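Treat the numbers as computed from the prediction; the structure is a model and nothing was measured. By convention in this document, chain letters (A, B, ...) are assigned in the order of the sequence lines, proteins followed by strands, and residues within each chain are numbered from 1.
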There are 2 protein chains.
Amino acid sequence: MSVRSLCLAILSFGDATGYEIRKESTEGRFSYFDDASFGSIYPALARLESDGLVTVREEPQAGKPARKVYSITEAGRTEFINSLCEPQAADTFKSPFLLIALNAAQLPPEVIRRALERRKAQVHEELRLLTECENEECRHPGSDWTRNYGIACMNVTLAYLEEHGEALIKIAEDSAEQLAAAE
Amino acid sequence: MSVRSLCLAILSFGDATGYEIRKESTEGRFSYFDDASFGSIYPALARLESDGLVTVREEPQAGKPARKVYSITEAGRTEFINSLCEPQAADTFKSPFLLIALNAAQLPPEVIRRALERRKAQVHEELRLLTECENEECRHPGSDWTRNYGIACMNVTLAYLEEHGEALIKIAEDSAEQLAAAE
DNA sequence: GCCACCATGTAACACGTTACATGATTTG
DNA sequence: CAAATCATGTAACGTGTTACATGGTGGC
């Protein structure tokens with residue numbers, strides 16, 4: 001998914017500035033789709049505007065640069081919906097954590113411990129984010145469904161980490177002992 | 001994770017050619033870490049060799065270009081292990097499927113149905129891949145642990161899709177009906 | 001007969017990130 | 001008082017993809 005489509009997707013849920021789009025895409029609910037930085041978002045928004053898929057209104061502010069609030073147009077909405085109808089790309093899961101886990105026997109137990117803690121913290125944070133807006137105004141059928149999907153996945157992940165984390169540390173400890181004994 | 005590290009990671013599990021590395025990274029067990037294409041793998045391997053982190057031996061073949069089999073060196077192994085000890089990046093999950101689900105109320109039921117089927121097929125395929133090598137020679141403690149982690153996650157995903165898939169289709173159908181009634 | 005698989009490699013191209021430029025306000 | 005947050009934007013840079021070039025073998 002390109003930054004262009006990402007902007008359209010976020011704007012289809014409401015007006016936003018480039019700054020806000022970046023936040024949503026790196027931390028917020030839209031981080032499941034793609035994340036992007038300022039350097040790609042601002043040019044993308046400018047192009048969307050010249051293509052007539054979004055409109056801008058400037059809101060001057062004292063001290064700060066004027067906020068440029070973008071709104072999606074009918075044409076933008078149509079392009080967005082059409083893009084969703086095209087054959088979807090595969091979901092991907094990229095896990096630096098699993099690479100560490102895979103090599104547990106070659107790493108110091110301390111590294112494994114840290115990696116587990118970090119991953120648990122991440123999952124907790126994602127769960128917090130998902131349950132947070134459960135009582136908010138942002139409730140429509142699609143978002144309820146996806147939220148519950150996310151919660152189900154994260155809960156299992158967390159349970160697995162908590163139940164089997166010690167076993168992973170043990171792998172590292174055992175092989176460290178064997179190395180020490182061989183010397 | 002760069003293609004360079006990816007190559008090192010795969011080679012730390014055994015010798016391979018550039019062609020094989022691409023397969024492992026796009027389809028095989030290493031697709032959880034990153035995937036890369038020929039255009040990035042071949043240059044990366046050449047650089048790794050000139051840096052002394054891998055060695056090559058050519059195996060001539062009739063008709064085809066000679067296979068260039070790469071092996072990791074001690075220096076390569078050290079760099080790989082060290083890279084795993086550095087603070088890990090966060091795991092990421094990118095889901096074109098969830099974007100479709102989120103917008104279920106704006107899409108034709110047929111699109112939702114297709115998206116669900118496609119996602120289910122993907123999860124089935126991942127489960128097949130994970131359970132496949134359960135009885136194989138590729139069994140060491142780290143890979144057992146990560147495999148079981150993967151299986152646990154995929155099973156929940158699949159169960160959720162099977163239990164709640166109909167509800168998602170219903171969201172699309174209901175809103176399509178409302179649109180029709182309004183006309 | 002055509003397509004997929006094996007097998008390597010290069011060059012043009014697209015895309016996105018990082019760092020820079022600017023600067024007020026709030027929070028610890 | 002320093003750091004984070006809000007707020008926009010550009011330019012250099014890095015990295016990776018796509019398409020091309022080449023060509024034999026085996027399955028449908």
Would you call B:E49 and B:K68 a salt bridge, taking side-chain N to carboxylate O under 4.0 Å as the test?
no
Out of D:dG16, C:dT17, D:dT5, which nucleotide sits closest to the side chain of A:S40?
C:dT17
Proximal nucleotide (of C:dT17, C:dT8, D:dT8) relative to the B:Y19 side chain:
C:dT8
Lys/Arg N to Asp/Glu carboxylate O, B:K170 vs B:E173, below 4.0 Å:
no
Once you round it to whole Å, what is the distance between P of C:dC15 and CE of A:M1?
14 Å
Out of D:dG16, D:dA7, D:dG9, whichever nucleotide has its closest atom nearest the side chain of A:Y70:
D:dG9
note: B:E24, atom CD; C:dA7, atom C1'; distance rounded to Å ~ 16 Å
Whole-Å distance, A:I21 CD1 to D:dG9 P, equals 11 Å
Scan B:D34 against the nucleic acid and name what it touches under 4.0 Å (heavy atoms): base, sugar-phosphate only, or nothing.
nothing
Whole angstrom value for the distance that separates C1' of D:dT25 from CD of B:Q61:
11 Å
Send over the distance from A:R67 CZ to C:dT25 C1', rounded to a whole Å.
15 Å
Without hydrogens or angle criteria, can the side chains of B:S2 and B:S5 be said to hold a donor-acceptor pair below 3.5 Å?
yes
To the nearest angstrom, how far is A:E58 atom CD from D:dG9 atom C1'?
12 Å
Do B:S71 and B:D15 have side-chain atoms, one donor and one acceptor, less than 3.5 Å apart?
yes
Taking the minimum atom-to-atom distance to the side chain of A:V3, which one of C:dG16, C:dA7, C:dT10 wins?
C:dG16
Base, sugar-phosphate alone, or nothing: which one does A:A46 contact when heavy atoms must sit under 4.0 Å apart?
nothing
Please state how far atom OH in A:Y42 lies from atom C1' in C:dT17, giving the value in whole angstrom units.
15 Å
Can you tell which of C:dG9, D:dC6, C:dG16 lies closest to the side chain of A:K23?
D:dC6
What integer distance in Å separates A:R22:CZ from D:dA7:P?
13 Å
Determine: side-chain N/O of B:S37 to OP1/OP2 of D:dG16, distance under 4.0 Å, yes or no.
no
Proximal nucleotide (of D:dG16, C:dG9, C:dC5) relative to the B:K68 side chain
C:dG9
Ignoring the backbone of A:T17, work out which of C:dA7, D:dT8, C:dG16 is nearest its side chain.
D:dT8
Are the side chains of A:R114 and A:R118 in contact, using a 4.5 Å heavy-atom criterion?
no
